[in-house]
Amino acid sequence: MNRPCLHDLDQALDRAEALCLARQVRLTEQRRKVLRLVWQSDRPLGAYDILAAIRQQQPKAAPPTVYRALDFLLEQGLIHKLETLHAYVGCPHPEQPHAGQFLICNQCGDVTELEDRSISDSLGDAARASGFQLEQRVVELSGTCADCAQEGQE
Ligand SMILES: [Zn+2]
Ligand SMILES: [Zn+2]
């Protein structure tokens, strides 16, 4: 994921708007604001970073406001939560519900989402085979991104 340009941001917000309209759910001003903050950031954003940014405009904003907006965005698949980082990233393809696999760079903190259904399907199958009731199947892999790996070689 490169630093998102404004074009990406507009596109992401337009797409979210259209999706919510089609699903007949409301992308309220607050939800839109939170989505914009997550997309604007070039790194995964924690709930408290989001709250701090919102408080610049609404000094009285309370954590539940942010958490409720995040829950909505998660439910609609517009963002993903990275448990290992306690942070959120925007999803570039929210049309289909999916778990997502993430490559997290330990050097620069960059996160790339992979979209490989077969990984998620085989994890689901393996869990089912052991009688395990799976709740979430987000996969988070840590390592070094291509850019950082190249820098290390120079
Ligand atoms: Zn996604
Ligand atoms: Zn990196």
Side-chain angles (χ1 to χ4, degrees), residues 1-51 53-54 65-128 132-154:
M1 190 166 77
N2 297 314
R3 179 177 281 274
C5 61
L6 280 176
H7 176 70
D8 290 340
L9 177 64
D10 282 344
Q11 228 176 26
L13 290 172
D14 286 350
R15 196 170 39 208
E17 200 84 61
L19 264 179
C20 287
L21 199 67
R23 292 173 183 167
Q24 297 188 305
V25 292
R26 250 163 62 77
L27 188 66
T28 60
E29 197 48 48
Q30 196 71 264
R31 291 164 173 174
R32 198 184 156 87
K33 215 177 275 175
V34 171
L35 182 63
R36 170 182 283 273
L37 286 167
V38 172
W39 267 104
Q40 252 171 356
S41 166
D42 59 343
R43 295 287 172 266
L45 214 54
Y48 276 85
D49 300 327
I50 296 170
L51 182 64
I54 297 242
T65 325
V66 170
Y67 280 111
R68 272 199 300 267
L70 287 170
D71 282 346
F72 171 85
L73 298 171
L74 280 171
E75 247 168 60
Q76 298 301 322
L78 295 166
I79 59 171
H80 292 291
K81 183 175 188 191
L82 299 173
E83 299 288 344
T84 52
L85 302 176
H86 302 288
Y88 301 84
V89 289
C91 176
H93 35 78
E95 290 77 13
Q96 292 293 322
H98 58 270
Q101 301 89 35
F102 298 91
L103 305 177
I104 303 172
C105 178
N106 289 328
Q107 314 279 328
C108 68
D110 199 30
V111 173
T112 304
E113 180 174 352
L114 300 177
E115 195 189 5
D116 190 338
R117 265 223 121 73
S118 66
I119 297 176
S120 161
D121 287 349
S122 54
L123 281 176
D125 291 345
R128 240 190 316 277
F132 187 77
Q133 295 190 344
L134 201 59
E135 273 164 26
Q136 65 102 354
R137 57 178 88 181
V138 177
V139 177
E140 299 175 34
L141 303 168
S142 60
T144 308
C145 76
D147 286 348
C148 291
Q150 197 161 19
E151 253 168 55
Q153 276 168 7
E154 274 163 18

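Whatever order the structure lists them in is the order used to number ligands and atoms, beginning at 1.
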H80 and Y88 aromatic centres sub-6.0 Å: no

For the Zn ion (ligand 1), the closest N/O/S atom belonging to H80: NE2

The Zn ion (ligand 1) - name of the N/O/S atom of E113 that sits closest to it: OE2

Plane angle bin for H98 and H93 - parallel if under 30°, tilted between 30 and 60°, otherwise perpendicular: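 Geometry flag for H98 against H93: tilted rings.
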
Apex the Zn ion (ligand 1) - arms SG from C91 and NE2 from H98 - angle rounded to 10°: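 My answer is 100°, to the nearest 10°.
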
Atom CD of Q150 with >12 non-hydrogen neighbours under 6.0 angstrom: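 No, because the 6.0 Å sphere around CD of Q150 holds 12 heavy atoms or fewer from other groups.
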
R117 atom CZ, over 12 foreign heavy atoms within 6.0 Å: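 Atom CZ in R117 is not crowded, with 12 or fewer foreign heavy atoms closer than 6.0 Å.
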
At the Zn ion (ligand 2): angle between C145 atom SG and C108 atom SG, to 10 degrees: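 Value returned, to the nearest 10°, is 120°.
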
